[in-house]
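Chain naming here is simple, since letters A, B, ... match the order of the sequence lines and numbering starts at 1 in each. Quick caveat, the model's predicted, so the values are computed rather than measured.
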Amino acid sequence: MTIRVRFAPSPTGYLHIGSARTALFNYLYARNKGGKFLLRIEDTDLARSTEESTRSILDGLAWLGFAPDEEIVYQSDNADKHRAAALKLLEEGKAYRDFTPKEDRGDKDVKAAIVERAREQKNMRDNPFRDTSKEESDGRAESGEPFAIRLKVPETGKTSFEDGVYGRQERDYSEIEDLVLLRSDGHPLYNLAVVCDDIEMEITDVIRGQDHLTNTHKQILIYEALGANPPRFAHLPLILAPGGKKLSKRIHGEIVSMTTYRDAGFLAAAFRNFLALLGWSPKTEQEIMTLDELVQNFSLEGIHRNNAIFNFDANNPKRWTDDKAIWMNAEYIRTMPLAELLPFVKEELKNNKLWREEYEDSEKEWFEKTVDLIRERFFTLKDFSTQGRAYFSEDFDFDQAAIDKNLKKHPDLQTLLPELADRFETIENFTHDELEKVAKEFAEEKGTKFGVLMNGARALLTGLAVGPSMLAVFETLGKERSILRLKSQIAWN
RNA sequence: GAGGACGUAGGCAAAUCGGCUAAGCCGCCAGCCCUUCAAGUUGGAGAUUGCGGGUUCGAUUCCCGUCGUCCUCGCCA
């Protein structure tokens with residue numbers, strides 16, 4: 001049978017980093033098994049679901065490259081089927097009407113009630129309506145009395161399943177209450193909806209977050225009542241914040257959103273690679289893997305059972321997100337085939353009005369050489385438009401610290417650099433080797449350290465204290481621009 | 001409160017069926033390179049495998065206990 005998996009997010013916010021990884025693992029599993037990857041939007045909570053959120057999730061998935069193999073299923077479209085399923089179970093005596101008036105309780109009260117119930121060791125089967133006769137139940141329903149439909153969990157026995165990651169799981173019926181399938185307003189509830197949809201979509205493997213591990217028993221009960229075979233289940237460890245706390249939008253903010261990484265200049269391939277290594281190991285020493293390699297190597301056996309910590313420090317700009325994620329991105333930027341990087345650089349430059357059509361035409365060679373030169377020390381795509389700005393525009397900022405340290409600390413450079421420019425005028429072949437010869441001769445002649453000269457030139461030509469070898473920068477910028485900037489007095493004021 | 005899951009350096013993690021000095025990556029420190037910063041390269045620090053006990057010639061691995069963290073328990077998803 002063909003493997004069919006689904007990623008089923010609730011559209012109550014943007015695509016969470018943990019959800020993104022769940023999507024990734026589902027995708028990898030499907031591809032590895034030659035199966036289908038499906039997408040279902042679980043929008044049954046009308047109060048919290050938004051279209052904007054759905055769009056944001058779809059955007060995030062598209063960015064990561066996970067296109068569903070079949071049409072997207074919107075759970076709310078199936079509400080009638082969910083209701084029909086509940087009614088069918090009622091008809092068959094596997095569920096019953098609960099006429100207990102609905103209590104309007106807040107989150108806190110609900111939690112308190114749970115604790116109280118456990119403390120009193122209350123029997124989960126003590127609902128008085130569980131054994132109400134069919135006649136009475138039908139009569140009250142016909143008279144218009146509102147009711148919820150609850151699953152009639154058997155008195156004794158237990159559910160069990162073999163989790164693909166956590167192994168054998170068992171739970172006694174006595175620990176599971178008669179869960180509500182249908183609200184008194186006719187609205188189907190989560191567990192019913194999920195099971196019905198998974199059956200209808202013919203899902204063979206449910207791969208989802210570990211937070212659903214214990215709820216799986218309830219869903220198995222529904223499968224059994226419905227007379228359907230449960231799929232295989234595999235639960236994934238959670239991704240936690242530093243300190244082992246839950247990673248939440250409310251507390252940790254943008255750091256948990258996929259769009260943050262896209263907007264910060266991450267390459268989808270790099271982030272995907274990083275995400276794959278969070279909670280999963282190929283059990284080899286290779287960590288940089290293409291999507292194909294991830295697919296090839298992926299298996300449930302490689303999934304770790306303990307929760308992973310996503311490391312970041314909101315107060316440290318250099319460590320605003322996980323070190324390894326940043327490193328991975330830099331690694332991709334400097335080692336991926338140049339041709340694959342170029343389109344991303346183009347987009348970044350375009351977004352910052354630094355792009356010129358010539359870069360793909362008459363200046364193609366120059367552009368590629370330049371990107372190749374500067375990508376070596378960049379961490380994100382953003383760097384091309386910020387640190388790399390001086391290569392693509394005459395309008396760039398000077399870093400004050402660079403100016404102070406590399407120029408103003410050596411006042412003689414104010415005359416030396418323009419003089420060096422004059423020497424450069426004489427060079428016909430404006431290349432690295434020629435430049436080196438001339439510049440070294442000049443430094444010796446003036447009794448100035450070559451390094452001081454180069455660092456000063458770097459501050460003047462790029463506005464920065466750091467960057468590639470200056471000889472390469474001169475060559476890249478070309479004779480005209482190099483001389484012009486060496487003679488410029490702007491930075492001195 | 002009950003049930004469940006999980007504890008290997010700061011983070012990600014490996015370790016066949018119980019077996020060599022507990023891999024590798026990120027981060028950190030240092031040397032080399034050097035014109036700065038990266039990269040590269042070489043080396044280093046960092047682990048009583050949460051803790052305690054048991055079984056065993058031998059335990060990260062099996063058993064028990066304990067502590068810690070997380071998850072779930074709703075007419076939320």
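Taking atom CZ of F310(A) as the reference point, atom P of rC12(B) lies 12 Å away to the nearest angstrom. What separates CG of D322(A) from P of rA13(B) is a distance of 10 Å, to the nearest Å. Distance CG (N127(A)) to P (rC75(B)): 11 Å, rounded to an integer number of Å. What separates CD1 of I239(A) from P of rG11(B) is a distance of 16 Å, to the nearest Å.
Checked against the 6.0 Å centroid criterion, the rings of Y261(A) and W320(A) qualify as a close aromatic pair. Within the 6.0 Å centre-distance limit, the rings of F99(A) and F129(A) are counted as a close aromatic pair. With ring centers used as reference points, F430(A) lies 6.0 Å or more from F474(A).
Summarising the base pairing, rU61(B) is matched to no nucleotide, lacking a Watson-Crick or G-U wobble pair whose two defining distances lie under 3.5 Å. Base pairing analysis places rG18(B) opposite nothing; no Watson-Crick or G-U wobble pair with both distances below 3.5 Å involves it. If you check rU49(B) for Watson-Crick or wobble pairing at under 3.5 angstrom, you find it has no partner at all. Base pairing of rC37(B) is not made with any nucleotide, judged by Watson-Crick or G-U wobble geometry with both donor-acceptor distances under 3.5 Å. In this structure, rG24(B) and rC12(B) make a Watson-Crick or G-U wobble pair, each of the two defining distances being under 3.5 angstrom. Using N1 to N3 plus N6-O4 or O6-N4 for Watson-Crick, or N1-O2 and O6-N3 for G-U wobble, each under 3.5 Å, rG68(B) pairs with rC6(B). Across all strands shown, rG74(B) forms no Watson-Crick or G-U wobble pair with both distances under 3.5 Å. Searching all strands for a Watson-Crick or G-U wobble partner of rA30(B) with both distances below 3.5 Å returns rU42(B).
Within 4.0 Å of T44(A), counting heavy atoms only, lie sugar-phosphate atoms of the nucleic acid but no base atom. Nucleic acid contact class of E287(A) (heavy atoms, under 4.0 Å, all strands): base. Within the 4.0 angstrom heavy-atom criterion, base atoms lie near N215(A). Residue contacts shown for D107(A) include a base, since a base heavy atom lies under 4.0 Å away. As judged by a 4.0 angstrom heavy-atom cut-off over every strand, Q169(A) is placed among residues touching the sugar-phosphate backbone only.
Contact annotation: R105(A) reaches the phosphate of rC75(B) (side-chain N/O to OP1 or OP2, under 4.0 Å). Remark: R319(A) is in phosphate contact with rC28(B), judged by side-chain N or O atoms under 4.0 Å from OP1 or OP2.
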So which protein nitrogen or oxygen atoms get under 3.5 Å of nucleotides 15-17 of chain B's nitrogens or oxygens?
unit_1	atom_1	unit_2	atom_2	d
rA15(B)	OP1	K283(A)	NZ	3.4
rA15(B)	OP2	K283(A)	NZ	3.4

Using the 3.5 Å cut-off, write out each protein N or O paired with an N or O of nucleotides 67-70 of chain B and the distance between them.
unit_1	atom_1	unit_2	atom_2	d
rC70(B)	OP1	K245(A)	NZ	2.8
rC70(B)	O2'	N307(A)	ND2	3.3

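Ring pair F310(A)/F312(A) is tilted by interplanar angle, where 30° to 60° counts as tilted.
Ranking rG4(B), rA77(B), rA2(B) by closeness to the T214(A) side chain, first place goes to rG4(B). Candidate nucleotides rA13(B), rC6(B), rC26(B) were compared by shortest atom distance to the side chain of S281(A), and rA13(B) ranks first.
By the neighbour-count criterion of 12 heavy atoms within 6.0 Å, atom CG of D397(A) is sparsely surrounded, having that number or fewer from other residues, nucleotides or ligands. Counting non-hydrogen atoms of neighbouring residues, nucleotides and ligands closer than 6.0 angstrom, the CD atom of E120(A) exceeds 12 such neighbours. Residue E445(A) qualifies as enclosed at atom CD: its count of foreign heavy atoms under 6.0 Å is above 12. Heavy atoms of other residues, nucleotides or ligands lying less than 6.0 angstrom from CZ of R168(A) number more than 12.
Residues N329(A) and T380(A) bring no donor and acceptor atom of their side chains to less than 3.5 Å of each other. In this model, no donor atom of one side chain and acceptor atom of the other lie less than 3.5 Å apart for T100(A) and R150(A).
For P101(A) and A325(A), each mapped to the nucleotide of RNA chain B holding its nearest heavy atom, the one lying further toward the 5' end belongs to A325(A).
Within 3.5 Å, no donor on the side chain of K324(A) pairs with an acceptor on the base of rG27(B), nor the reverse.
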Under 3.5 Å donor-acceptor pairs involving side-chain atoms of residues 447-467 of chain A, not counting sequence neighbours:
unit_1	atom_1	unit_2	atom_2	d
N455(A)	OD1	R458(A)	NH1	2.9
N455(A)	ND2	G451(A)	O	3.4
R458(A)	NH2	P468(A)	O	2.9
T462(A)	OG1	R458(A)	O	2.7
T462(A)	OG1	L464(A)	N	3.2

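Listed by residue number, the members of residues 176-192 of chain A with any heavy atom below 4.0 angstrom from RNA chain B are E177(A), V180(A), R183(A), S184(A), H187(A), L189(A), Y190(A).
Among residues two or more places apart in sequence or in another chain, the side-chain contact (heavy atoms from CB on, under 4.5 Å) test is passed with I251(A) by S248(A).
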*Give the B/S/- string for nucleotides 30-52 of chain B, one per nucleotide from 5' to 3', where a protein heavy atom under 4.0 Å of the base yields B, of only the sugar-phosphate yields S, and otherwise -.*
-----BBBBS-------------
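A cation-pi arrangement, defined by a distance under 6.0 Å to the six-membered ring centre and an angle within 45 degrees of its axis, is absent between K324(A) and F274(A).
By the 4.5 Å heavy-atom criterion applied to side chains, H217(A) and I176(A) are counted as neighbours.
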